[in-house]
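See structure below.
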Amino acid sequence: EDHIRPVPCEVIDIKASTDLKVSHRIQVATYALMLRDVSRANGLDLPLDLGTGGIWLYGNTKPEWFDLRFSILTIEDFFREKLTGILTAPIDELPWHLFFRCEWCEFYEHCRKEADEKASISLIPYLSIGGRTYLREVPWGGTDPINTLDDLENFLAGDESDACLEACGSLRSKGDRLRNAISALKNGEIVCHGGFSLSQPVMENVAIFMTIQEDPVTGRIYAAAFRRLKGKEIFGDGMREEVFIARTPDDCDSVRKEFLQALHSELSVVDEYNEAGREWSEQKSMQSYGFDTYELSLFNRLLKESLTDPELSEIAVQLLFYFQDTTLAEADEHPRDEIPFPVIVMTGVIRQLLALPVPLSLRLPDVLKVLPSPSFDYTLEPNKLFWFELSNVLKSDPIFLAWTKKRLETIDWVRSEISRRLQATGLVLDGLREKVKDCLLAWPPKFKFPDPLDFVNPEMSRLAFMA
């Protein structure tokens, strides 16, 4: 028996996530170090693999292995070189920054209160961790750290301030935008950045607003909805809203199917209207919108997943021909025409054109308060059952009540909340157009589903599309 080598222990962490993250690697490395030290402290001769760790992601049949060594070096350096300084320094001198993940921390309320009381630069929406660190450490030779809005305002008043920002990637060429952000937060007024938007149209004949929500535990899309406004001449009515919600986890595939079929049906009406021999001037344009970037990512994921679904593949390809993204590079057919801005993300346009008196992040209820529609008075109150403090993602608590506790009335709660969000997004668009009408130049194209490129060889089609 002496010749049999013991099999070393390997740490595998089971995760509900569908993607491997840096935080997962750090956790596995921490568990491995804990297991090593517990073994040593108890005199155990436990063979342990400190070179490889595993993460078993949701839905996978086996763990995903990765090299532990770099993560272990990072953790040991933190404990050896940094932790003592953090624990012994006066609390007022500790570096910190607020961003969207902070609200899951038990100390969030304390940090948020301090940020408000001291007018911290963390209140500037979407200020990166790297940018916050750069301003605090003043590596260009500054004498005092920049921690408050007043500190930053005084710094930006200097002649060399813009040059000092050039060494930080997330702050480079952002001097004027930072000045506007400070002014908006301190004075409670919207400040225009100036310039023009090439994506946001002056107006469209048909507008479609979309929202898609994902269960963070399983990674499955459980709700998808759209709201079509205008187009009465085409559809016979000026509005249609469709909201699809999974009553059980097994219904998620049906949500994807019904949402894409309904969306395709709605767009096909516009396509057929424009293709019915009408003059160009009589044809109708269409522009689609999502409020936040995660909604566009989930929409593109829906389309990609549907390419391999026999029931959906045909309409998924046609939708992808219009809502073009990198997924098309993997397809065998490709659209003849390029659609420059098939989906406009509202937060992106707002950040490009305006500095809002909204701290930390652009939540839809907060944006609607400062960019209200000029023609319709509406308020979206952020119910804590559905809203995070720093994110537009819909909380999944209500859907879990339906799935795990059979509280099916929560389905109607989610449906009503999604309907309110779609309406609020349309009203924000009205308010945005009113505020920046002099900055808008573009008009969306007349809508049609693009025809495929005329290539027999898929590789040649792919190359032509990418070129």
Side-chain angles (χ1 to χ4, degrees), residues 98-104 108-109 111-113 115-116 122-127 181 184-185 187-191 200 207-214 216 223-227 229 239 241 243 245 289-298 344-399 410 412-436:
L98 281 178
F99 74 124
F100 73 97
R101 297 187 67 176
C102 290
E103 69 175 287
W104 300 319
Y108 167 71
E109 294 296 337
C111 295
R112 177 60 192 270
K113 181 180 178 182
D116 289 333
S122 287
L123 297 177
I124 297 175
Y126 307 108
L127 178 66
L185 290 172
N187 300 321
E189 298 178 351
I190 296 175
V191 179
Q200 176 60 54
I208 291 183
F209 303 94
M210 297 186 289
T211 185
I212 300 173
Q213 304 297 331
E214 174 190 38
F226 71 84
R227 181 185 181 97
L229 292 180
M239 194 274 282
E241 182 175 283
V243 182
I245 303 170
Y289 298 90
F291 187 74
D292 211 335
T293 52
Y294 78 90
E295 294 167 312
L296 176 57
S297 298
L298 292 177
I344 291 176
V345 177
M346 297 290 298
T347 53
V349 176
I350 292 170
R351 292 174 64 186
Q352 177 191 354
L353 297 177
L354 300 173
L356 302 185
V358 176
L360 296 170
S361 65
L362 300 184
R363 281 200 319 170
L364 178 55
D366 305 322
V367 172
L368 182 59
K369 286 181 181 178
V370 299
L371 276 179
S373 169
S375 58
F376 188 76
D377 185 19
Y378 183 78
T379 300
L380 179 62
E381 293 296 339
N383 189 315
K384 289 187 177 181
L385 180 63
F386 300 109
W387 284 93
F388 293 103
E389 287 197 36
L390 302 179
S391 170
N392 288 298
V393 174
L394 182 66
K395 281 186 177 180
S396 56
D397 302 46
I399 202 67
T410 62
D412 292 330
W413 301 352
V414 173
R415 187 182 310 278
S416 297
E417 173 63 24
I418 286 176
S419 180
R420 288 191 291 269
R421 290 178 178 224
L422 290 172
Q423 182 177 9
T425 302
L427 296 174
V428 166
L429 177 60
D430 292 343
L432 176 65
R433 280 185 167 137
E434 178 67 19
K435 192 68 180 179
V436 300

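We use all heavy atoms of the structure for the numbers below, so side chains are in, but hydrogens, waters and symmetry mates are not. This chain uses plain numbering: 1 for the first residue, then up along the sequence.
- For the atom pair OG1 of T425 and CE of M210, the computed distance is 11.0 Å after rounding to the nearest 0.5 Å.
- Closest non-hydrogen pair, D292 versus V345, comes out as C-CG1, 3.6 Å.
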Determine whether V358 and R363 satisfy the following criterion, side chain to side chain contact (heavy atoms under 4.5 Å, CB included), listing intermediate values before the conclusion. CA-CA 8 Å; V358 176; R363 281 200 319 170; over 6 Å; no
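- Using cut-offs of 30° and 60° for the angle between ring planes, the F388 and W104 rings count as perpendicular.
- Contact of the P372 side chain with the D377 side chain is not registered, since no non-hydrogen atoms from C-beta on lie closer than 4.5 Å.
- Side-chain contact between D412 and R415 is present, with heavy atoms from C-beta onward closer than 4.5 Å.
- Side chain of Y294 to backbone of N392: a donor-acceptor contact under 3.5 angstrom is found.
- The structure places CH2 of W387 at 8.5 Å from CG of D366, a figure rounded to the nearest 0.5 Å.
- Ion pairing between E417 and R421 holds under the 4.0 Å rule for side-chain N and carboxylate O.
- Between K395 and L385 the shortest side-chain heavy-atom distance does not fall below 4.5 Å.
- Annotation: side chain of I190 is in contact with side chain of L371 (closest heavy-atom distance under 4.5 Å).
- Residues E295 and G290 share a closest heavy-atom pair of OE1-C, 3.8 Å.
- In the model, Y108 has a side-chain atom that pairs as donor or acceptor with a side-chain atom of E389 under 3.5 Å.
- One distance of note links CG of L360 with CZ of R112; it measures 4.5 Å at 0.5 Å rounding.
- The closest donor-acceptor contact from the side chain of T410 to the backbone of I399 lies at 3.5 Å or more, if one exists at all.
- Between A207 and Y289, the closest heavy-atom pair is CB-CE1, 4.3 Å.
- Annotation for A223 and I418: closest pair CB-CD1, 3.7 Å, computed over non-hydrogen atoms.
- Between Q213 and V393, the closest side-chain pair of non-hydrogen atoms falls below 4.5 Å.
- Of the possible polar contacts, none joining the R227 side chain to the T211 backbone as a donor-acceptor pair under 3.5 Å is found.
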Stepwise, does the side chain to side chain contact (heavy atoms under 4.5 Å, CB included) test hold for V428 with I350? CA-CA 10 Å; V428 166; I350 292 170; 4.1 Å; yes
Begin from the C-alpha positions of F291 and V367 and carry the test side chain to side chain contact (heavy atoms under 4.5 Å, CB included) through to its verdict. CA-CA 11 Å; F291 187 74; V367 172; 4.1 Å; yes
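- The structure places CZ of F99 at 11.5 Å from CG of L127, a figure rounded to the nearest 0.5 Å.
- Between the S373 side chain and the L427 main chain, no donor and acceptor come within less than 3.5 Å of each other.
- Remark: the backbone N or O of L380 is not paired with any side-chain donor or acceptor of R420 at under 3.5 angstrom.
- Remark: side-chain polar atoms of E103 are paired, donor with acceptor, to backbone N or O of L390 under 3.5 angstrom.
- Summarising the geometry of I124 relative to A181, their closest heavy-atom pair is CG2-CB, 4.1 Å, with the distance given to 0.1 Å.
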Apply the test side-chain hydrogen bond (donor to acceptor under 3.5 Å, both in side chains) to residues T379 and E381: give CA-CA distance (whole Å), side-chain angles for both, the deciding distance (0.1 Å), then the verdict. CA-CA 6 Å; T379 300; E381 293 296 339; 5.0 Å; no
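- Across all their heavy atoms, A225 and L422 have their closest contact at CB-CD1, 3.9 Å.
- Interatomic distance, F209 CZ to I344 CD1, rounded to the nearest 0.5 Å: 10.0 Å.
- With contacts defined as side-chain heavy-atom distances shorter than 4.5 Å, the pair P357/N187 does not qualify.
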